[in-house]
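Since the structure is predicted, the reported quantities are computational estimates derived from the model, not experimental observations. Whatever order the structure lists them in is the order used to number ligands and atoms, beginning at 1. Residue numbers start at 1 and run along the sequence shown.
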Amino acid sequence: MKFNVLTLFPEMIEQGINTSITGRAIKEGYISLNAVNIRDYTNEKHGHVDDYPYGGGAGMVMQAQPVYDAYKSIVGEEELKKEKEMRKRVVFLTPAGKTFNQRMAEEFAKEEEITFLCGHYEGIDERVLELIVTDNVSIGDYVLTGGELPAMVMMDAISRLVPGVLGNGDSSVDESFNAVNNMLEYPQYTRPEEFMGMKVPEVLLSGHHKNIENWRREQSLERTRIRRPDLLD
Ligand code: 6GU
């Protein structure tokens, strides 16, 4: 999986992704990261990438030209001659997008290359979005200062679904929201058997696999009922 990120803060993306499991996945070649600084593509001598909004209003708007040229530097002229439907996916991170979820992560994980476009200020000139963006995605109903954290959230969720990224010790099978059951994960325990007077549930020490499986399913269901009843509808 190849990730490109168009951003004004490439170091933020690199620091975040070159860490932990995604960092290991890059070292081992399962994923790659190319963070491109939009500011490097401005034609303005003072390095501006934003300007006042036509029609007035608060804040600044990112200009189309540097975003377009940064994108072109990644995909090349040939890609832009194709119909948008035939191009590799370009995800614009925006609170006005479709809300990201595990189903979408599974779909994106099938791609071989994804480009993320991170906005700042009050937004990006609509014309460049019209030209290059294939998907508008939000990570939830709250407002952040920019698209960098959302892009990192998406890359993390997608990466761990790429074959080889999770080692043998890690698993994406029993977790919450997998494709098989849309339920929250059951509680986990490790040594010691007693902590602050609290004991590990007896059934987990029994070695009785069928009973353990049943207990975990009940716990998942109960937890989902209490915390996320919307998932059971
Ligand atoms: Cl993708 N961007 C921003 N700025 N805020 C958000 C978001 C994205 N998703 C949720 N809030």
Would you call [X]-[Y] a salt bridge at under 4.0 Å N-O?
X    : Y    : result
R127 : E130 : no
R217 : E213 : yes
E78  : K81  : yes

[atom] - nearest protein heavy atom and its distance:
atom                    : value
atom 2 (N) of ligand 1  : P95 CD, 3.4 Å
atom 5 (N) of ligand 1  : L144 N, 3.0 Å
atom 10 (C) of ligand 1 : G140 O, 3.0 Å
atom 11 (N) of ligand 1 : Y142 O, 2.5 Å
atom 1 (Cl) of ligand 1 : T94 N, 3.1 Å
atom 9 (N) of ligand 1  : I139 N, 2.9 Å

Rounded to the nearest 0.5 Å, what separates atom OG1 in T134 from atom CG in N136?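 The CG atom of N136 is 8.5 Å from OG1 of T134, to the nearest 0.5 Å.
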For the atom pair CE (M62) and CG (D51), what is the distance rounded to the nearest 0.5 Å?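 Answer for the CE-CG pair, M62 versus D51, is 12.5 Å.
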Would you mind listing which atoms of ligand 1 come within a distance below 4.0 Å of any non-hydrogen atom of V137?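 It comes down to these atoms of ligand 1: 1 (Cl).
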Nitrogen or oxygen atoms of T145 and ligand 1 under 3.5 Å apart: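 No, T145 has no N/O under 3.5 Å of an N/O on ligand 1.
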Return yes or no for this condition: an N or O of P150 is under 3.5 Å from an N or O of ligand 1.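 So ligand 1 has no N or O lying under 3.5 Å from an N or O of P150.
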Please say which of N34, I158, I26, I17 ends up in a side-chain contact (heavy atoms from CB on, under 4.5 Å) with F3.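 Among N34, I158, I26, I17, the one meeting side-chain contact (heavy atoms from CB on, under 4.5 Å) with F3 is I158.
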Give the contacting part of D141 toward ligand 1: side chain, backbone, both or neither, where contact means a heavy-atom distance below 4.0 Å.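 Neither part.
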Which heavy atom in V165 sits nearest to a heavy atom in R160, and how many Å separate them?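 That closest heavy-atom pairing would be CG1-CA, 4.0 Å.
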